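I have placed the structure first, in the form of structure tokens, so that the comments after it can refer back to it.
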Protein chains: 2
Amino acid sequence: MESVNEVQKGASNEQKILEAAKKVFLRDGLHGSRMETIAKEAGVTKALLHYYFRSKEKLFAVIFEEVKGGMLPRLESVFGSDLPVFEKIERFVESYIDLLIENPYIPLFLVNEVNKDPEKFFETTQIAARIQQFVPHFVQQILEEQEKGNLNSIHPFHLIINVMSLCIFPFLGKPMFQKVAGMTDEQYKLLLQERKKEVAAFVMRAIKIPD
Amino acid sequence: MESVNEVQKGASNEQKILEAAKKVFLRDGLHGSRMETIAKEAGVTKALLHYYFRSKEKLFAVIFEEVKGGMLPRLESVFGSDLPVFEKIERFVESYIDLLIENPYIPLFLVNEVNKDPEKFFETTQIAARIQQFVPHFVQQILEEQEKGNLNSIHPFHLIINVMSLCIFPFLGKPMFQKVAGMTDEQYKLLLQERKKEVAAFVMRAIKIPD
DNA sequence: GTCTATATATGGATAGAC
DNA sequence: GTCTATCCATATATAGAC
């Protein structure tokens, strides 16, 4: 049974279209998505999509910006804070995995877009600029802890890449892991929940030097 | 400057098409790829693609099977062996990162395909069956080391997911990490080389209990 | 604003000459 | 085997009625 027109009855058609577009674009990608599919999902006709957004590209761009932008506040609230490194990592892991459990299609969507056209990905929203604003301070914190002897000598970039990898990849590899482990959707979701503690602990064991 | 017809002069047209198709499909995905693009890349016309492979779907299937199949021997040679757990992890990391440095488009391609249609992904080549053949033994090994007190109490699935994530995600996130860190392609490739030691060491610190 | 009907563009697939 | 020309299906986009 196909789900059609699942959006809130109260919303305006423009809103319905945006929600439908988000769902379809995230699931099927730009090329895989059809205007007709989005229209059906929103409970309107194709013509209306063009009325509001003029072209498929334009509609896609709106969703693209929204998804890109939506990731940043969480990053900023954790890394922009003046928490100690270990707290930051723990909070990031918890916060990010939670976000992705709620929006499991985001990783594949973003990974595709950033690979398709990195320039385009970074130009608007100054996403790179905003990230670069807190990374140096985080790197600095790492170096300080290393000097104090609380953190082993891992290169900060590797540490950052490791933490991101451990958080995000399980969502990209879900069908694979799930199949091999013979898990149901429910069970895999539970495993992802566990990872909030598991990943944090794993990373801490790998980098923390006990007093 | 676009690169057209870069393939070996000696190869047959069928071979040229296969190579071109691999390059384009891996880069642009099934929907993003155009028969015309592949033809140009191979230095022939579209008609010839249909002559040899009949349809786009069929051509894609050939590439798909090749890439899928190519990953398995490496997995099997490491995990099918009777090395101890820690060796297996170290060898896997080294072997897999090396493979991906040579073929950096594979992760994005496979992640897309497995997410698009998990059933289709696993049905042919019995890829799941072949993986499931050595996973239980590996899990068993982990449990044994844990009983012996050499390995901490991490759940084997988490450990496997962690290792895979640390190996693969840096290739998917390359444009992002590279941009944020302000690295050139050359520098990022070096960083990936470093990861062969780095990831192995990171994992060992996280799971190994010293005697 | 929203629809139906239609125009236009794209890209996969085939026919037929060489 | 390989090409050119063409067909046809699909999908985006627009026109015009309501």
Side-chain angles (χ1 to χ4, degrees), chain A residues 2-65 109 112-113 116-117 120, chain B residues 2-65 109 112-113 116-117 120:
Chain A
E2 281 300 307
S3 67
V4 172
N5 196 5
E6 285 198 338
V7 291
Q8 303 90 304
K9 293 283 194 275
S12 70
N13 276 338
E14 187 172 5
Q15 262 309 314
K16 286 185 196 166
I17 291 169
L18 281 170
E19 285 167 41
K22 184 169 178 178
K23 175 170 174 178
V24 174
F25 278 138
L26 261 65
R27 190 188 58 205
D28 301 340
L30 171 58
H31 295 296
S33 299
R34 298 287 162 252
M35 294 296 264
E36 180 62 39
T37 312
I38 296 169
K40 272 251 185 66
E41 182 72 32
V44 299
T45 60
K46 290 186 298 179
L48 210 57
L49 309 201
H50 287 98
Y51 172 76
Y52 281 114
F53 301 97
R54 209 174 155 78
S55 76
K56 185 186 180 182
E57 298 288 334
K58 289 233 176 32
L59 176 55
F60 182 80
V62 174
I63 304 301
F64 186 28
E65 290 306 317
F109 178 77
N112 269 310
E113 290 312 311
K116 193 178 304 167
D117 190 345
K120 189 187 157 212
Chain B
E2 281 298 309
S3 67
V4 172
N5 197 7
E6 285 197 337
V7 290
Q8 302 92 301
K9 291 284 195 275
S12 69
N13 276 339
E14 186 173 5
Q15 262 309 314
K16 286 186 197 165
I17 291 170
L18 281 171
E19 285 167 40
K22 185 170 178 177
K23 176 171 174 177
V24 174
F25 278 138
L26 262 64
R27 190 190 57 205
D28 300 341
L30 172 58
H31 293 299
S33 299
R34 300 285 161 254
M35 294 296 267
E36 180 62 42
T37 311
I38 296 169
K40 271 250 185 67
E41 181 72 32
V44 299
T45 61
K46 286 190 301 178
L48 209 57
L49 308 201
H50 287 100
Y51 173 76
Y52 282 114
F53 300 97
R54 219 180 143 74
S55 77
K56 185 186 181 183
E57 299 288 335
K58 289 234 175 35
L59 176 54
F60 182 79
V62 174
I63 305 301
F64 187 28
E65 289 307 315
F109 178 76
N112 270 311
E113 290 312 311
K116 194 179 304 165
D117 190 344
K120 188 187 158 211

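Lettering follows sequence order; numbering is per chain, from 1. In this text the structure is predicted, and so the values were computed from the model without any measurement.
- Between A:Lys58 atom NZ and D:dT12 atom P the separation is 15 Å, expressed in whole Å.
- Note on B:Thr45: every side-chain N or O is 4.0 Å or more away from OP1 and OP2 of D:dT2.
- Nearest nucleotide to the B:Lys56 side chain, out of D:dT14, C:dG11, C:dA13: C:dA13.
- B:Leu49 places its CG atom 15 Å from the P atom of D:dG1, with the value rounded to the nearest Å.
- Not one side-chain nitrogen or oxygen of A:Tyr51 sits closer than 4.0 Å to the OP1 or OP2 atom of C:dC3.
- If you take CZ of B:Phe53 and P of D:dT2, they are 12 Å apart, rounded to a whole angstrom.
- Considering only side-chain N and O atoms, A:His50 lies under 4.0 angstrom from the phosphate OP1 or OP2 of D:dA13.
- By the 4.0 Å N-to-carboxylate-O rule, A:Glu113 lies close enough to A:Lys116 to be salt-bridged with it.
- No N or O donor and acceptor, one from the side chain of B:Lys46 and one from the base of C:dG11, sit under 3.5 Å apart.
- We find that NZ of A:Lys40 is positioned 16 Å from C1' of C:dC3, with the value rounded to whole Å.
- Across all strands shown, B:Ser33 has heavy atoms under 4.0 Å from sugar-phosphate atoms exclusively, and none from any base.
- Heavy atoms only, all atoms of each residue included: A:His31 and A:Lys56 are closest at O-NZ, 4.2 Å.
- Between A:Leu48 and A:Asn13, the closest heavy-atom pair is CD2-ND2, 3.8 Å.
- Closest approach of A:Ala20 and A:Ile38 over heavy atoms only: CB-O, 3.5 Å.
- A:Arg34 places its CZ atom 11 Å from the C1' atom of C:dG11, with the value rounded to the nearest Å.
- Between the CG atom of B:Leu48 and the P atom of C:dC18 there is a distance of 19 Å, rounded to whole Å.
- OP1 or OP2 of D:dT14 has at least one side-chain nitrogen or oxygen of A:Arg54 nearer than 4.0 Å.
- Rounded to an integer number of Å, the gap from B:His31 NE2 to C:dG12 C1' is 14 Å.
- The side chain of A:Asn13 places no N or O atom within less than 4.0 Å of a non-bridging phosphate oxygen (OP1 or OP2) of C:dG1.
- Two rings, from B:Phe109 and B:Phe60, have their centers less than 6.0 Å apart.
- A:Tyr52 has its OH atom 13 Å from the C1' atom of C:dC3, to the nearest Å.
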